[in-house]
Amino acid sequence: MIVNSKLPDVGTSIFSVMSRMAADHEAINLSQGFPDFPVHPELIDRAHHYMQKGLNQYAPGNGVPRLKKAISEMTNRLYGVTPDPEDEITITTGATEGLFATITALVERGDEVILFDPAYDSYDPAIRLCGGVPVHLNLEYPSFGIPWADLADAINVKTKAIIINNPHNPTGSILKKEDLIELGRIAAEKDLIVISDEVYHNMVFDDIRHTSALQIEDLKDRSVAVFSFGKTFHATGWKSGYTIASEAITQEIRRVRQFVTFTVNTPIQFALADFIEDPAHYENLAGFFEEKRDVFVNAVKASRFKAITSSGTYFQLLEYSEINDLGDRDMCEQMTKENGLASIPVSVFNHDGHDNQLLRFCFAKDDSTLLAAAKILNEL
């Protein structure tokens with residue numbers, strides 16, 4: 001039987017490839033973005049409590065009401081915005097499902113969607129599966145700011161949406177409030193939707209405050225903000241997230257996602273509702289990860305790698321042009337196999353494949369892991 005692929009150019013993700021290579025060569029794995037320290041014991045306890053209590057059947061399709069109410073209160077505390085729990089918040093099976101359901105709901109055949117490279121790898125395939133056309137623009141290097149002139153040139157009558165990632169994976173850059181205001185002005189003028197991937201919103205460093213699309217007047221009714229509990233609470237395997245959008249947009253997202261997973265793990269939702277009632281469980285995350293970043297960056301200062309400041313996320317870019325002229329994929333493979341340290345080549349996030357000799361390292365690790373990785377980098 002001949003099967004015509006809808007994504008013939010898509011293979012195994014680079015994250016799976018590098019994690020497998022790390023395992024095969026017993027390398028330190030700073031490639032895939034997951035912590036190597038435990039989930040908070042209180043959160044584990046709450047999940048177990050609700051499992052034992054018998055809350056193990058289907059939850060309401062759009063999310064447990066208690067959790068949605070807690071999210072609304074948390075959003076108000078963080079951003080001064082109070083989304084309606086019933087009509088504007090949807091619990092999703094991780095941010096990836098939230099993004100996929102959003103893109104599927106809003107993008108029609110022939111619609112153009114603007115992305116900024118380096119771009120997280122799930123955006124482009126989701127757009128193409130809908131018959132949409134991804135339009136890739138390169139962020140300005142090395143600041144990774146929005147190329148405003150290129151953006152203006154790219155917008156036309158077919159443009160439906162713009163996707164932003166703030167804080168940005170893989171670069172660790174942050175959009176300032178004035179960037180969001182300008183984006184809102186453009187979106188309002190051109191009648192565009194903005195999909196704002198904000199999964200690392202609790203990980204912003206150096207006394208910078210994260211600005212959400214939800215806070216911008218021109219964006220509040222035409223944007224979808226996507227969040228992840230897995231990233232925030234060191235539980236990436238729980239695949240739990242949520243979207244916040246206007247009632248009209250939320251209704252369309254829900255039409256789609258009811259046929260994807262329908263609902264999300266029930267005891268986990270109740271556990272999260274309990275956990276986020278205490279702001280201390282998320283308000284101190286920035287400081288926690290800033291310390292991790294500083295441990296790693298300070299430990300590699302003696303190396304020939306050049307750190308590009310990470311202002312958010314739990315990723316750090318290192319540039320290695322003083323070491324050799326290898327492409328970043330070859331450099332990653334060589335380091336993993338010969339030196340015992342796995343990272344991610346940044347060029348895989350670029351649609352045109354351009355290569356600035358940058359590697360992405362995850363610093364959501366125990367300090368001992370970070371110091372062992374730094375020792376390897378210092379010897380190269």
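In this chain, numbering begins with 1 at the start of the sequence shown.
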Presence of salt bridge, [Y] and [X], under 4.0 angstrom:
{"X": "Glu108", "Y": "Lys160", "answer": "yes"}
{"X": "Asp206", "Y": "Arg293", "answer": "yes"}
{"X": "Glu73", "Y": "Arg77", "answer": "no"}
{"X": "Lys292", "Y": "Asp367", "answer": "yes"}

Please walk me through it: do Phe289 and Tyr200 pass ring pair (Phe, Tyr, Trp, His ring centres under 6.0 Å)? CA-CA 11 Å; Phe289 279 109; Tyr200 298 101; 9.0 Å; no

Worked check of side-chain hydrogen bond (donor to acceptor under 3.5 Å, both in side chains) between His136 and Asp117: CA-CA 6 Å; His136 290 260; Asp117 287 352; 2.9 Å; yes

Sequence neighbours excluded, every pair satisfying ring-ring contact (aromatic ring centres under 6.0 Å, His included) that has a member inside residues 151-179: none

First locate atom [atom1] of [X], then atom [atom2] of [Y], and finally report the distance between them rounded to the nearest 0.5 Å.
{"X": "Arg304", "Y": "Ser321", "atom1": "CZ", "atom2": "OG", "value": "10.5 Å"}
{"X": "Lys239", "Y": "Thr92", "atom1": "NZ", "atom2": "OG1", "value": "8.5 Å"}
{"X": "Asn62", "Y": "Arg257", "atom1": "CG", "atom2": "CZ", "value": "6.5 Å"}
{"X": "Glu86", "Y": "Lys69", "atom1": "CD", "atom2": "NZ", "value": "13.5 Å"}
{"X": "Lys301", "Y": "Asn378", "atom1": "NZ", "atom2": "CG", "value": "12.0 Å"}
{"X": "Phe233", "Y": "Leu285", "atom1": "CZ", "atom2": "CG", "value": "6.5 Å"}

With Thr93, which of Thr261, Asn265, Thr263 fulfils side-chain hydrogen bond (donor to acceptor under 3.5 Å, both in side chains)? Thr261

Check whether any side-chain heavy atom of [X] lies under 4.5 Å from a side-chain heavy atom of [Y], and answer yes or no.
{"X": "His40", "Y": "His234", "result": "no"}
{"X": "Leu106", "Y": "Val224", "result": "yes"}
{"X": "Ile91", "Y": "Ile71", "result": "yes"}
{"X": "Asp274", "Y": "Leu43", "result": "no"}

Look at the side chain of [X] and the backbone N and O of [Y], then say whether any donor-acceptor pair between them is shorter than 3.5 Å.
{"X": "Thr250", "Y": "Ala245", "answer": "yes"}
{"X": "Thr266", "Y": "Gln57", "answer": "yes"}
{"X": "Asn156", "Y": "Lys158", "answer": "yes"}
{"X": "Tyr123", "Y": "Phe116", "answer": "no"}

Is the centre of the Tyr242 ring less than 6.0 Å from the centre of the Phe229 ring?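 For Tyr242 and Phe229, the ring centres are under 6.0 Å apart.
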
Anything under 3.5 Å between a donor and an acceptor, one on a side chain of residues 137-153, the other on a protein residue two or more places apart or in another chain? List them.
unit_1	atom_1	unit_2	atom_2	d
Asn138	ND2	Asp352	OD2	3.3
Ser143	OG	Gly145	N	3.4

The ring-ring contact (aromatic ring centres under 6.0 Å, His included) partner of Phe37 among Phe363, Phe288, Tyr314 is Phe288

Would you call the rings of His210 and His201 parallel, tilted or perpendicular, where under 30° means parallel and over 60° means perpendicular? perpendicular

Applying side chain to side chain donor-acceptor pair (under 3.5 Å), can you list everything that pairs with Ser223, at least two apart in sequence or on another chain? none

